[in-house]
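Right, one structure below, let's go through it.
By convention in this document, chain letters (A, B, ...) are assigned in the order of the sequence lines, proteins followed by strands, and residues within each chain are numbered from 1. Keep in mind the model is a prediction, meaning the values are calculated, not measured.
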Protein chains: 2
Amino acid sequence: VIIFNTVHDPLSASIGFSILGCAITWRLVPALKDSFLKANLTGKDVNKLDKQIIPESMGVVCATVYLVCLFLFIPFPFMEWFTGKGIISRTEEFHAPTFPHHKLGEFLSAMLSLQSMTFLGFADDVFDIRWRYKLLLPTIASIPLLMVYYVNFGETHIIMPIPLRFLLGRVVDLGLLYYVYMGMVAVFCTNSINILAGINGVEVGQSLVIACSIAINDYLFLNGSSPAVEAHLFSLYFILPFIGVSLGLIMHNWYPSRVFVGDTYCYFAGMTFTVVGILAHFSKTLLLFFIPQIFNFIYSVPQLFKLIDCPRHRMPKFNPTTQKLNYSRVHIQKPLGIPAFVILKIFSSLGLVEITELENSIEVNNFTLLNLLLLKFGPMNERTLTIVVIIIQIFTSCIAFIIRYRLVHLFYEIII
Amino acid sequence: VIIFNTVHDPLSASIGFSILGCAITWRLVPALKDSFLKANLTGKDVNKLDKQIIPESMGVVCATVYLVCLFLFIPFPFMEWFTGKGIISRTEEFHAPTFPHHKLGEFLSAMLSLQSMTFLGFADDVFDIRWRYKLLLPTIASIPLLMVYYVNFGETHIIMPIPLRFLLGRVVDLGLLYYVYMGMVAVFCTNSINILAGINGVEVGQSLVIACSIAINDYLFLNGSSPAVEAHLFSLYFILPFIGVSLGLIMHNWYPSRVFVGDTYCYFAGMTFTVVGILAHFSKTLLLFFIPQIFNFIYSVPQLFKLIDCPRHRMPKFNPTTQKLNYSRVHIQKPLGIPAFVILKIFSSLGLVEITELENSIEVNNFTLLNLLLLKFGPMNERTLTIVVIIIQIFTSCIAFIIRYRLVHLFYEIII
Ligand SMILES: [Mg+2]
Ligand SMILES: [Mg+2]
């Protein structure tokens, strides 16, 4: 109800800020190149012949522009309380019952969590934070989010899918576990983009596809019932400027990159998705848009958890002669441990690995989506590989929409 | 009323977090030294014989610990709504009228503004941001703060001091100007600490004195009437952990410094003071605690605005023979411009400058409080100078308390 009345105005303001954010990012990124080079925030573009040193972690520029845009945007959804001044009642006990303080709280907590992750990402780029903190800090960063979720909604019941009801019943109250689940969504979204990375344009490319899918999904709800409209408008307010600044950034990050986006961008993007997924109540749909990331994560697990040897970098290998990328490989000493043996057995039966037997060791491709694509489709140009990833992301988003809107009746009675 | 009922619990939690914050900062700062050196965040300790390179902008560690402490603390003042679960009513329109959403909004906006400034300060340390952005960004960072001020209080009337009432009447509604004033408090607090800096321990030292003064002032209100109690408890929740982490930091930053605190700390400290001053309604009292900074700022104005030549650094000069600091000087070419001439005339009649006439130029001390102290009291050891500044800060805080609580009846009818 609350935002419904002003539906048209804040949305156009949001679109305006998104376009502005795009333009500013596009202008600011090249202007700040020298500062980044001077501050030693640089990376080597290894998949090129000349291996240039270019500015790293430009995502911080893009995130800062985004945050400034949202700071300036915050008053817009509440405009009617500002223009129709009399409506805000200020009693001595500081109560203003008509003003939607809880809505403002959602904005503020979302911004706070977002900014925390951006800050963490930037710190990671500057200092190279250790892995355990990378898992701990997103959890702390999502505290404001979860707290506002608790006081504004507090819904921890989930409706079980029909095929599972014989086990647990129709409705299950996850209670505290639901908050653990949401915290894990935050950790997953922020880190999963970060591990599907390493070639020009792929981080921003995949994030843009996910963001557009979210925006389309929000748009589909806009003519529905009022609480859902409100939630999805909220989501749009966060996603549209994100699309704007990401477009501004990808123009400089597309092959051949003139800047890298850094961990900052991956964390920033992941947290934006988490924020809208949680506060607009579509975390399950959100995860459907992460199919390639989920696949890549599960595929990577054996190496991430050191069950299979994990080299420092698992990026595809650049072949200077052909100027194409090929999959990178890792040596594993014989004899294999039991977990490694089992994993290789399973993966090879699924056609996910290529094993070469050597005398005292075996050689196997590194377990990442990028390497798998190169294994299946043969060596590719860097740009082509990015485009393939983006196409896969778009394709899985289409599948996600089909699951969400066509197959949902297999699992639930009604489309919620 | 709201927090009054739970007055004892959150306050002890806050004290607990402050002690924890102190301990963690104290441990973390030396542990992270190497990361800072590797990231090239370093400064040269120029006022020593060996001019060691030591880690710079350690304030970011202290600020991060502070923010994490506050993230974890946020739920405490609202505990009664969490334990007495039934009280939160969750209707379908997402209204929860009994929960103090506006209070939570204050916390969130305060955190958001604080974190923005910390982020900006850190960016300044890494990139050396230009002056005009330094003035623009604190303004943007305080938008969430001002917006929450608007919706929660919206009070823009000020009661004029008695001696000025013949001019403007008893009550003046500043309207929009009041928000400009609050924005300027943010810009002033963040930058004024940053310009009274440059010798070991002085940034943290002065901030600690200001913070303790605020805490004492809050404490004096705790037995008063309920709205004031609530506001000053809010202030304590922010100030106590600040005192904690600053104590943890100064142990490493005290003469001879093993780490520098960087712009990050100055911005972080300034914004903490702004946040509590604005949201707990004592911005005028707050400015009374800034007397040395206000003096230093006004004294610096001619050089900051380039009316008098301003060298890149205006820090005191280290004398390697005596190992003491002496005031630094600037050459001004003759003939002097009219503004420069007038300023020198005024300042010398106030005894604030020492002018040496040379053939084609004059030489004058740089216009900073530190140089003035060295001019008046003669060369000093670096540690002594810091102690003198801290003593002055304590002394002016005492004056501030006298003005606020003893002389206030000369300007206002009642002690508010
Ligand atoms: Mg990193
Ligand atoms: Mg600087």
Trace of the side chain to side chain contact (heavy atoms under 4.5 Å, CB included) decision for B:F268 with B:M117: CA-CA 6 Å; B:F268 158 61; B:M117 277 316 290; over 6 Å; no

Would you tabulate the side-chain donor-acceptor contacts of residues 136-148 of chain A under 3.5 Å, counting partners in other chains and residues two or more places apart, or write 'none'?
| residue | atom | partner | partner atom | Å |
| --- | --- | --- | --- | --- |
| A:T139 | OG1 | A:L135 | O | 2.9 |
| A:T139 | OG1 | A:L136 | O | 3.2 |
| A:S142 | OG | A:P138 | O | 2.9 |
| A:S142 | OG | A:T139 | O | 3.0 |

All N/O donor-acceptor pairs, side-chain side in residues 27-35 of chain B, below 3.5 Å, sequence neighbours left out:
none

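Listed for the B:D124 side chain is no donor-acceptor partner under 3.5 Å among the backbone atoms of B:D263.
For B:L104, the part lying under 4.5 angstrom from a heavy atom of chain A is the side chain only. Heavy atoms closer than 4.5 Å to chain A are found in both the backbone and the side chain of B:S116. Of the two parts of B:F122, only the side chain, counted from C-beta on, holds a non-hydrogen atom closer than 4.5 Å to a non-hydrogen atom of chain A.
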